[in-house]
2 protein chains.
Amino acid sequence: MATGRNHRPATSRSRGIPEATVARLPLYLRALTALSERSVPTVSSEELAAAAGVNSAKLRKDFSYLGSYGTRGVGYDVEYLVYQISRELGLTQDWPVVIVGIGNLGAALANYGGFASRGFRVAALIDADPTLAGRTVAGIQVQHTDGLEQIIADNGVSIGVIATPAGSAQQVCDRLVAAGVTSILNFAPTVLSVPEGVDVRKVDLSIELQILAFHEQRKAGEEAPEEEETAPPAAPPAAAVTKRSEPGPDGDVPAVMPA
Amino acid sequence: MATGRNHRPATSRSRGIPEATVARLPLYLRALTALSERSVPTVSSEELAAAAGVNSAKLRKDFSYLGSYGTRGVGYDVEYLVYQISRELGLTQDWPVVIVGIGNLGAALANYGGFASRGFRVAALIDADPTLAGRTVAGIQVQHTDGLEQIIADNGVSIGVIATPAGSAQQVCDRLVAAGVTSILNFAPTVLSVPEGVDVRKVDLSIELQILAFHEQRKAGEEAPEEEETAPPAAPPAAAVTKRSEPGPDGDVPAVMPA
DNA sequence: TGCTGTGAATTATTTCACAGCA
DNA sequence: TGCTGTGAAATAATTCACAGCA
């Protein structure tokens, strides 16, 4: 998962919804939208939970934080619930978004259909490469970084997506924040530091893969009960210098794309 | 963030490491690698925590699950810790990975430098589009989906990345699993169903944005204390049919890319 | 009768705070 | 003295299990 917030203890504000619940609402919303398209009028917590990939007790508890939107003995009204969750998530309004860094990843994001469909609108694509400026990606002209502040201001953008190489991410972030952006979705493999009040969420391929590798290794270990160590390293203190097999010429997690 | 596991209660196996800790290890590893490159010999929990964006108590507690790798009064030996965490994550071995769906996103992933650098190797790129087959992306020839099973078997692949449109994701997933893949990183906006023992992690742009929107809305609400409702919907039971402003012609979260 | 809504119990995670070693 | 390692306390999230309404 992605993350890196800046919040008061999750359940703080008046009708405070737990962070874990907020993270699941989009899941429910997607499942509900699919049902809505098939004109299904109502769902039980059991059915909806299955569609969203969670268990029904959790789903009911989650919904209980929003209010009592179900009908006992029947289930939930699909359309009504779609509306309620959308509203709770702030999707009944339109969020202009800028994407900075239009490499393969940035282009993929710009082309992302789900973007436009639910409350979000790509207001601008921005890249530091002058040769990219003016080119059209996903029907939108790429603009040069120079105009970043102006673009943010003109479009009232409060959400920014960073898809630049790691090296430029913090700098881009600083400019976005200075220009008024208060929520950032970061695809660059770096920890961004932001002032209080700015939310950052992180999406990081290499972290996800490493978590998978951890579990994969466990599985292998379970098949063959006895652990077989490959190359025991030197002791911790003293001259503990055993490098990993090959640290590799590349440092770590280079940029996702040449922006 | 991403998720969707299949695990015994996190802290189960003998030296069971909490899931939350596992998810942070890659973060520490990245910070440590950066220090290692700068030839920094040791770090304190405080410094490393700052670099990784967590607080030091949490970091120390995390490390305590791995063992006592620090030195009181001094800190942690960078190289040694890099090795220990790499080993714990299973990165001292090489993980061949296949990417299925070579659109913009798949291409971005294939080009992702951090991929190759730390334990992962792109063994193959696979796409259903026959016109893509044979083309070279990131120095690797794209192969047609027909050969998927063979490719998995030949390369001993256990980790698969799905970057196809939502519509094909489950089908691709089924084939990967049948061919022996036991860990899947899913970029398609769908809930995948997999048999017991297969891990799925999800990366979903639209979910991340929706979570940001939620918090963004809260911020706006705090500035202007009084909540101003836009379009109150009909009541839940009875004829509750108020559709969201404009459900839009597109359903929800279409494919990320035309694979 | 069937399914929601929710207190209570359980489990997981974070944070505190300090003993103890280098 | 300085910083780790870790019990214990606090907080958060999940699950249970059942009362209660349609």
Side-chain angles (χ1 to χ4, degrees), chain A residues 1 3-13 15-25 27-28 41-50 52-78 80-81 84 235-238 240, chain B residues 1 3-13 15-25 27-28 41-50 52-78 80-81 84 235-238 240:
Chain A
M1 206 206 39
T3 340
R5 256 127 309 151
N6 241 52
H7 284 288
R8 38 232 107 80
T11 319
S12 67
R13 253 174 82 67
R15 196 154 102 280
I17 299 175
E19 193 59 32
T21 295
V22 171
R24 279 188 297 267
L25 291 181
L27 233 52
Y28 302 144
T42 59
V43 252
S44 67
S45 63
E46 202 71 59
E47 294 165 328
L48 184 53
V54 304
N55 78 355
S56 64
K58 197 185 287 183
L59 177 142
R60 287 201 303 279
K61 180 62 103 179
D62 283 342
F63 285 177
S64 81
Y65 294 117
L66 308 185
S68 292
Y69 295 151
T71 307
R72 291 165 202 244
V74 178
Y76 300 93
D77 181 280
V78 172
Y80 186 67
L81 202 44
Q84 289 300 341
Chain B
M1 191 150 358
T3 339
R5 257 127 307 148
N6 240 54
H7 285 287
R8 37 233 110 81
T11 319
S12 68
R13 255 174 81 66
R15 194 153 104 280
I17 299 174
E19 193 59 32
T21 295
V22 171
R24 280 187 297 266
L25 291 181
L27 233 52
Y28 301 144
T42 59
V43 253
S44 67
S45 62
E46 203 71 58
E47 294 164 330
L48 185 53
V54 303
N55 77 357
S56 64
K58 196 185 287 184
L59 177 142
R60 287 200 303 279
K61 180 62 103 179
D62 283 342
F63 285 177
S64 80
Y65 294 117
L66 308 184
S68 292
Y69 295 150
T71 306
R72 289 164 204 246
V74 179
Y76 300 93
D77 181 279
V78 172
Y80 187 67
L81 203 44
Q84 290 299 342

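Chain A is the first sequence line, chain B the second, and so forth, proteins listed ahead of strands; every chain is numbered from 1.
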Starting at the 5' end of DNA chain C, which residue's closest nucleotide do you reach first, Glu46(A) or Arg60(B)? Glu46(A)
Interatomic distance, [X] [atom1] vs [N] [atom2] [rounded to whole Å]:
X        : N       : atom1 : atom2 : value
Asp77(A) : dT4(C)  : CG    : P     : 13 Å
Leu48(B) : dC3(D)  : CG    : P     : 14 Å
Lys61(B) : dA8(D)  : NZ    : P     : 11 Å
Leu66(B) : dT4(D)  : CG    : C1'   : 14 Å
Ile17(A) : dT6(C)  : CD1   : C1'   : 16 Å
Glu47(B) : dT4(D)  : CD    : C1'   : 14 Å
Asp62(B) : dT13(C) : CG    : P     : 10 Å
Leu59(A) : dG5(C)  : CG    : P     : 10 Å

Candidates [options] - which lies nearest the side chain of [X]:
X        : options                  : answer
Ser44(A) : dT4(C), dA13(D), dT13(C) : dT4(C)
Tyr65(B) : dG5(D), dT14(C), dT4(C)  : dT14(C)
Pro18(A) : dC16(D), dG5(D), dA13(D) : dA13(D)

Please give me the minimum heavy-atom distance between [X] and [Y], naming the atom from each residue.
X        : Y        : answer
Gln84(A) : Tyr69(A) : OE1-OH, 3.0 Å
Leu59(A) : Val54(A) : CB-CG2, 4.2 Å
Thr42(A) : Glu47(A) : O-OE1, 4.5 Å

Respond yes when some side-chain nitrogen or oxygen of [X] is under 4.0 Å from OP1 or OP2 of [N], and no when none is.
X        : N       : answer
Tyr76(B) : dG5(D)  : yes
Asn55(A) : dT14(D) : no
Ser45(B) : dT4(D)  : yes
Lys58(B) : dT13(C) : no

So the stems of DNA chain D, runs of at least three Watson-Crick or G-U pairs (under 3.5 Å), are C:1-22 with D:1-22
Taken in chain and number order and not counting sequence neighbours, the residues that satisfy ring-ring contact (aromatic ring centres under 6.0 Å, His included) with Tyr76(A) are Phe63(A)
Kindly determine whether Val43(A) and Leu81(A) satisfy side-chain contact (heavy atoms from CB on, under 4.5 Å), including the steps that lead there. CA-CA 10 Å; Val43(A) 252; Leu81(A) 202 44; 5.6 Å; no
Reported NZ-to-OG distance for the pair Lys58(B) and Ser45(B), which is rounded to 0.5 angstrom: 13.5 Å
Rounded to the nearest 0.5 Å, what separation is found between the CD1 atom of Ile17(B) and the CG atom of Leu66(B)? 5.0 Å
Upstream residue (5' side of DNA chain D) when Ala20(A) and Gly73(A) are each assigned their closest nucleotide: Ala20(A)
Pick base, sugar-phosphate or nothing for Phe63(B), based on heavy-atom distances below 4.0 Å to the nucleic acid. nothing
Any N/O donor-acceptor pair, Arg72(A) side-chain to dG2(C) base, under 3.5 Å: no
Answer yes or no: is there a side-chain heavy-atom contact under 4.5 Å between Thr71(A) and Asp77(A)? no
